[in-house]
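Here is the structure we will look at, set down as structure tokens.
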Amino acid sequence: MNLPQEFLDNMKELLKEDFPYYLESLRKPRSYGLRVNTNKITTEKFEQICPFPIRKIPWASNGYYYEKEAEPSKHPYYYAGLYYLQEPSAMIPAQLLPVKGDDKVLDLCAAPGGKATELGSKLREKGCLFANDISNSRAKGLLKNIELSGMDKVLVSSDDVDRFFPEYEEYFDKILLDAPCSGEGMFRKTPSLIQNWTEKGPTYYHKIQKELLRKAAGLLKPGGMLLYSTCTFSPLE
């Protein structure tokens with residue numbers, strides 16, 4: 001990969017003596033993961049019927065590694081909504097947010113739905129999930145994945161966060177803000193993001209993230225919990 005020198009300098013400063021290991025990791029094959037939809041099947045049952053080799057992801061109770069050759073997106077189980085294809089590291093935020101069955105939960109930047117479907121699977125009769133994405137085209141994909149998961153008590157919207165005020169001010173028990181970012185952690189998977197970083201970069205996204213975080217805090221109940229995540233290494237973000 002032709003990484004910008006400024007980015008490499010930043011990473012060297014951030015990682016110090018571990019920087020060579022980061023460069024080495026970029027030359028290795030990427031990992032592939034899927035997350036079992038526990039709304040439809042238990043992990044134990046899925047392990048019994050899964051038609052290709054899988055192995056557990058340590059930080060995700062229902063997450064599994066698979067090999068690229070398995071092509072799980074072509075299997076009927078995928079179209080039945082038994083699992084969702086997701087980067088192993090992307091499973092962390094929804095795993096860490098301790099959603100309870102009666103929580104009112106907001107996934108503010110929810111498309112394409114990987115984190116929203118996991119959050120929704122933790123809810124029961126009294127809980128509800130608001131899954132929002134400002135991009136209308138991405139929100140359509142989000143809706144498709146929500147429907148495929150078989151979840152109910154979910155509201156899918158495509159609004160600017162300002163539209164949540166004043167009706168939902170201090171309303172939500174839990175909020176996940178997986179904010180738009182420069183995508184530094186995605187360079188190996190999606191090299192086209194390198195050009196985006198060159199044109200915009202952390203400084204551009206920092207302003208958006210800070211404003212989203214400020215507004216999201218206003219939607220949180222006193223004593224609630226907000227989890228902020230990005231797929232970037234930049235301390236600024």
Side-chain angles (χ1 to χ4, degrees), residues 1 3 11 15 18 20-99 107 109-124 129 131 138 140-152 154 176 178 181 183-194 227 229-233:
M1 285 182 289
L3 294 170
M11 290 299 290
L15 297 176
D18 289 332
Y21 298 111
Y22 169 70
L23 294 181
E24 182 183 349
S25 75
L26 295 176
R27 292 188 284 269
K28 294 180 179 180
R30 53 168 287 213
S31 298
Y32 295 84
L34 63 83
R35 197 192 70 252
V36 174
N37 179 8
T38 54
N39 264 336
K40 292 190 173 183
I41 189 171
T42 65
T43 54
E44 293 78 12
K45 181 63 176 177
F46 181 77
E47 288 176 7
Q48 293 173 11
I49 68 171
C50 185
F52 47 83
I54 54 174
R55 54 191 175 91
K56 285 287 295 180
I57 294 174
W59 53 83
S61 59
N62 54 342
Y64 295 85
Y65 293 108
Y66 67 88
E67 298 302 321
K68 181 180 179 181
E69 295 75 22
E71 298 187 321
S73 62
K74 297 182 179 180
H75 198 277
Y77 289 165
Y78 174 72
Y79 294 98
L82 296 192
Y83 54 80
Y84 184 97
L85 303 183
Q86 190 174 28
E87 290 286 315
S89 60
M91 298 179 190
I92 296 173
Q95 288 279 328
L96 289 179
L97 192 62
V99 171
D107 187 348
C109 304
K115 300 173 182 68
T117 49
E118 175 63 12
L119 294 173
S121 70
K122 300 177 181 180
L123 296 172
R124 296 297 179 260
L129 171 69
R138 285 170 55 82
K140 290 175 182 176
L142 167 64
L143 177 60
K144 178 183 177 182
N145 286 322
I146 292 287
E147 290 176 338
L148 191 62
S149 74
M151 292 190 307
D152 53 12
V154 181
L176 175 61
D178 187 55
C181 71
E184 293 176 350
M186 302 286 285
F187 285 172
R188 182 173 59 171
K189 178 188 176 185
T190 313
S192 60
L193 289 174
I194 298 172
L227 191 148
S229 65
T230 65
C231 49
T232 186
F233 303 110

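Between the side chain of W59 and the backbone N or O of M91, no donor-acceptor pair lies under 3.5 Å. A donor-acceptor pair under 3.5 Å is absent between the side-chain atoms of T190 and the main chain of F187, judged by distance alone.
Taking OG from S31 and CD from E67, the interatomic distance works out to 8.5 Å, rounded to the nearest 0.5 Å. With values rounded to the nearest 0.5 angstrom, L97 atom CG is found 11.5 Å from D178 atom CG. Between T117 atom OG1 and I146 atom CD1 the span is 6.0 Å, to the nearest 0.5 Å. For the atom pair CG (D18) and CE (M11), the distance works out to 10.0 Å, reported to the nearest 0.5 Å. Here the straight-line distance linking atom OG of S89 with atom CD1 of I57 works out to 9.0 Å at 0.5 Å rounding.
With a 4.5 Å cut-off on side-chain heavy atoms, L148 and K144 do not count as touching. The side-chain heavy atoms of I41 and I49, taken from C-beta on, include a pair separated by under 4.5 Å. The shortest side-chain heavy-atom distance between C50 and F52 falls under the 4.5 Å cut-off. Counting only heavy atoms from C-beta outward, the side chains of L123 and M151 never approach each other to under 4.5 Å. For the pair C231/C181, a side-chain contact is recorded, criterion being any heavy-atom separation below 4.5 Å from C-beta on. Between L85 and P72, some side-chain heavy-atom pair lies under the 4.5 Å cut-off. No side-chain heavy atom of L193 sits less than 4.5 Å from a side-chain heavy atom of E184.
Applying the side chain to side chain donor-acceptor pair (under 3.5 Å) test to pairs two or more places apart or on separate chains, those with a residue in residues 36-47 are E47-Y64. Among residues at least two apart or in separate chains, side chain to side chain donor-acceptor pair (under 3.5 Å) pairs with a member in residues 74-86 are R35-Q86, E71-K74.
Residues passing the side-chain contact (heavy atoms from CB on, under 4.5 Å) test with E24, sequence neighbours excluded: Y21, R27, K28. For the side-chain contact (heavy atoms from CB on, under 4.5 Å) test, residues two or more places apart in sequence or in another chain that qualify with A80 are L82. Among residues two or more places apart in sequence or in another chain, the side chain to side chain donor-acceptor pair (under 3.5 Å) test is passed with R30 by E87. In this view, N145 satisfies the side chain to side chain donor-acceptor pair (under 3.5 Å) rule with no residue, not counting sequence neighbours.
Heavy atoms from other residues, nucleotides or ligands lying under 6.0 Å from NZ of K56 number more than 12.
Among all heavy-atom pairs drawn from A131 and L142, the shortest one is O-CD2, 3.8 Å. Considering all non-hydrogen atoms of both residues, P93 and L176 come closest at CB-CD1, 3.9 Å. A pairwise comparison of heavy atoms in A116 and L129 identifies O-CD2, 3.3 Å as the closest pair.
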For salt bridge (charged side-chain N to carboxylate O under 4.0 Å, His left out), just list the numbers for D107 and K115, CA-CA rounded to whole Å, side-chain angles, deciding distance to a tenth of an Å, and then say yes or no. CA-CA 8 Å; D107 187 348; K115 300 173 182 68; over 6 Å; no

Kindly determine whether Q95 and N62 satisfy side-chain contact (heavy atoms from CB on, under 4.5 Å), including the steps that lead there. CA-CA 9 Å; Q95 288 279 328; N62 54 342; 3.0 Å; yes

